[in-house]
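Notes follow once the structure below has been shown.
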Amino acid sequence: MISLDSLTIEARQAFEGLQDQVGRLEQVLRTKDQIIELQNQKIRLLNFKLWGPKGETLSPAQTALLFQEASVTSAEIQKEASQPPAQKENPLPRAKPARSNHPGREKLPEHLERREVIIPCHPKDCLCDQCGQERPIIGYERSEELVCDPATFHVRVTLREKRGSHCQEEQGVATAPAPAKIVPKSKLSDEFIIEVLAKKYGQHLPVYRQCADLSDNHGIDLSRATVTASLLAAGGLLTAVVRAQAQELRLSSYLQADETTVPVQTGEKSGRNHRAFIWEYSQPGGPVVFDFQMGRGREGPEKFLMGFRGTLQCDGYAAYDKLGEGITYAGCMAHARRGFVEAAKLAPQNPLPLEIIERISQLYAVEEKARQAGLGPAERQALRQSQSAPVMEALKLRLVEIRQQIPPAGKLAQACDYTLGQWSRLEEYLKNGLVEIDNNWCEGAMRPLALGRKNWLHLGSPEAGPKVAAIASIVETCRRLDINLRTYLKDVLPKLGDWPANRVAELTPTAWKAAQTKKS
């Protein structure tokens with residue numbers, strides 16, 4: 001080996017220069033390796049999040065039909081992706097040729113049983129207002145609508161009495177009034193519309209698949225546009241109820257909030273959807289309101305929560321900050337824990353994330369103890385102060401210690417920074433026994449709308465957004481309150497069109513259930 005001392009000054013300087021370059025290159029390579037590792041962590045994390053059905057498994061025919069829906073969820077994508085290849089390529093039983101001249105309303109199938117319902121005239125209309133004699137029945141105003149019973153279909157023939165006067169040939173005719181309907185003059189009955197709505201938003205069965213089933217199994221051909229328009233009409237009626245329900249929430253002292261994206265067809269961007277948002281506001285075990293907004297700015301929650309005074313539990317998104325005076329913010333322990341779970345997945349050999357997860361598990365063990373004992377808010381607050389507060393104090397000290405020991409760019413550091421940044425809000429549940437430890441009630445209600453960022457394919461238009469949000473609000477509220485959705489909608493929807501605006505609060509699921517309980 002040649003000694004450096006034996007080299008000339010020029011050679012020694014050149015060698016030392018090469019050593020410096022090698023050192024700089026090694027540093028560059030280490031930096032690149034760190035960047036690559038961080039990117040690999042992000043990729044692996046996305047793979048964890050994007051589990052479930054993949055929309056790319058759908059055929060072009062299915063995709064084209066789903067784009068005609070008012071809304072599409074990931075559960076519907078999963079159902080469609082599991083269809084046999086033949087049904088994927090030909091999702092409808094037959095294709096009908098386009099008609100240049102519409103012949104008028106299609107008649108309901110003749111093979112269906114007709115059950116006549118005769119609506120008599122009002123007693124005062126049965127007597128002639130001139131001579132006082134009873135008016136004879138001279139005919140009926142006839143209309144037909146499709147009715148759905150479980151697994152059977154029939155056509156309801158409504159015969160509205162027409163009575164004529166003995167002494168008046170033209171002005172002496174009285175006709176029984178038409179019954180209130182969700183969609184006036186529609187050939188689809190209220191029962192049928194409610195059944196399609198329940199399957200669409202409760203069982204995630206697309207409208208076009210329901211129409212295909214009717215054609216395949218019952219010989220009933222219905223236009224998807226007609227059915228979808230009926231659903232949106234129902235959603236339009238329910239928006240008034242949901243506004244009243246939102247007022248109920250604003251009068252409470254504790255709310256949870258969350259949001260998720262929903263692409264919307266606007267026609268402004270060719271081949272691209274606008275990214276809108278659905279915000280959720282709810283009480284644990286109580287009413288739920290979904291609010292559709294075209295953006296994710298503070299304007300949405302600020303407008304919805306105007307007048308609210310109490311505790312708002314949410315994640316760390318900045319749009320929830322500074323929404324008005326009188327609002328106390330509570331954090332979500334599940335959001336904080338999630339960062340450490342992701343760090344543990346990315347680095348299974350690192351004991352630090354598992355240590356923090358175990359400490360947080362001790363807090364949840366206290367919550368389980370309170371739940372099993374059936375403690376009220378005051379008792380639960382006392383239990384938290386005695387058992388959870390010391391764990392929280394030790395957890396904060398440990399997070400600060402860990403954060404000082406690890407590099408700043410990793411997932412574990414991000415989890416520590418988020419948790420410590422939210423700490424004053426995370427401690428809020430210790431002071432109020434009414435507040436939950438996390439936002440899981442809220443996220444649970446959001447799950448049917450969004451199981452991750454790709455759950456909604458699209459909304460058909462911005463106008464459909466508030467109507468779909470109203471339907472989802474009623475469906476989820478009825479589920480939480482243990483209300484039969486079909487029974488509630490059958491009673492409320494038909495009369496909403498003529499219901500006084502100042503009495504809509506009487507028809508919210510909460511008020512409706514209380515009235516039913518009082519009757520029984």
Side-chain angles (χ1 to χ4, degrees), residues 42 46-47 49-81 83 88 91-92 197 200-201 204-211 224-225 227-236 238-239 242 257-280 289-301 303-304 315 317 319 443 445-473 475-476:
K42 292 180 180 179
L46 286 174
N47 288 335
K49 290 182 177 180
L50 298 180
W51 57 272
K54 299 294 190 296
E56 60 266 21
T57 61
L58 299 175
S59 71
Q62 287 175 307
T63 302
L65 288 170
L66 288 171
F67 262 95
Q68 299 176 26
E69 300 274 351
S71 60
V72 177
T73 66
S74 62
E76 295 173 321
I77 298 295
Q78 184 176 9
K79 282 180 176 289
E80 296 307 305
Q83 296 294 329
K88 285 186 177 183
L92 287 180
L197 184 151
K200 164 71 177 175
Y201 294 98
H204 313 293
L205 187 63
V207 169
Y208 93 80
R209 184 61 64 186
Q210 295 189 53
C211 290
R224 295 191 308 279
V227 178
T228 299
S230 299
L231 293 183
L232 292 180
L238 290 174
T239 54
V242 174
D258 200 4
E259 81 289 336
T260 190
T261 58
V262 47
V264 179
Q265 290 182 317
T266 61
E268 299 175 357
K269 303 176 183 178
S270 177
R272 295 175 58 191
N273 287 328
H274 174 82
R275 190 173 73 159
F277 286 82
I278 287 186
W279 303 72
E280 180 202 338
V289 171
F290 294 104
D291 183 42
F292 174 82
Q293 296 288 333
M294 290 295 284
R296 200 189 181 194
R298 183 177 287 113
E299 298 81 8
K303 180 179 178 182
F304 185 93
D315 58 23
Y317 179 42
E443 291 197 359
M446 187 73 78
R447 194 165 292 118
L449 299 178
L451 298 175
R453 291 292 183 183
K454 292 181 65 177
N455 288 332
W456 284 77
L457 181 59
H458 74 281
L459 289 176
S461 68
E463 293 74 23
K467 299 174 184 178
V468 171
I471 294 173
S473 301
V475 170
E476 179 60 24

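Computed from heavy atoms alone, side chains included, the values below leave out hydrogens, waters and symmetry copies.
Annotation: side chain of Glu259 is in contact with side chain of Asp315 (closest heavy-atom distance under 4.5 Å).
Put simply, CG on Leu231 and CD1 on Ile471 are 6.0 Å apart, with the number rounded to the nearest 0.5 Å. To the nearest 0.5 Å, atoms CG (Leu197) and CG (Leu232) are separated by 10.0 Å.
The two residues Phe290 and Ser473 come nearest to each other via the heavy atoms N-OG, 2.8 Å. Nearest approach of Gly235 to Ala470, heavy atoms of both residues: O-CB, 3.8 Å. Val264 approaches Ala276 most closely through the heavy-atom pair CG2-CB, 3.6 Å. The heavy-atom pair separating Ala319 from Pro301 by the smallest distance is O-CG, 3.9 Å. Closest of all the heavy-atom pairs between Phe292 and Pro462 is CE2-O, 3.6 Å. In plain terms, the two heavy atoms of Phe277 and Thr261 that are nearest each other are CE2-CG2, 3.4 Å.
Shown here are the side-chain hydrogen bond (donor to acceptor under 3.5 Å, both in side chains) partners of Gln210, two or more places apart in sequence or in another chain: there are none. Taking the side-chain hydrogen bond (donor to acceptor under 3.5 Å, both in side chains) definition, one finds that Glu299 meets it with nothing, sequence neighbours left out. For Asp258, the side-chain hydrogen bond (donor to acceptor under 3.5 Å, both in side chains) test picks out no residue, with sequence neighbours left out.
No donor-acceptor pair under 3.5 Å is formed between the side chain of Thr239 and the backbone N or O of Lys467. Here the side chain of Tyr317 pairs a donor or acceptor atom with the backbone of Arg296 at under 3.5 angstrom.
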Practice problem: Decide yes or no on side chain to side chain contact (heavy atoms under 4.5 Å, CB included) for Tyr201 and Val468, but give the supporting numbers first. | Solution: CA-CA 9 Å; Tyr201 294 98; Val468 171; 3.8 Å; yes
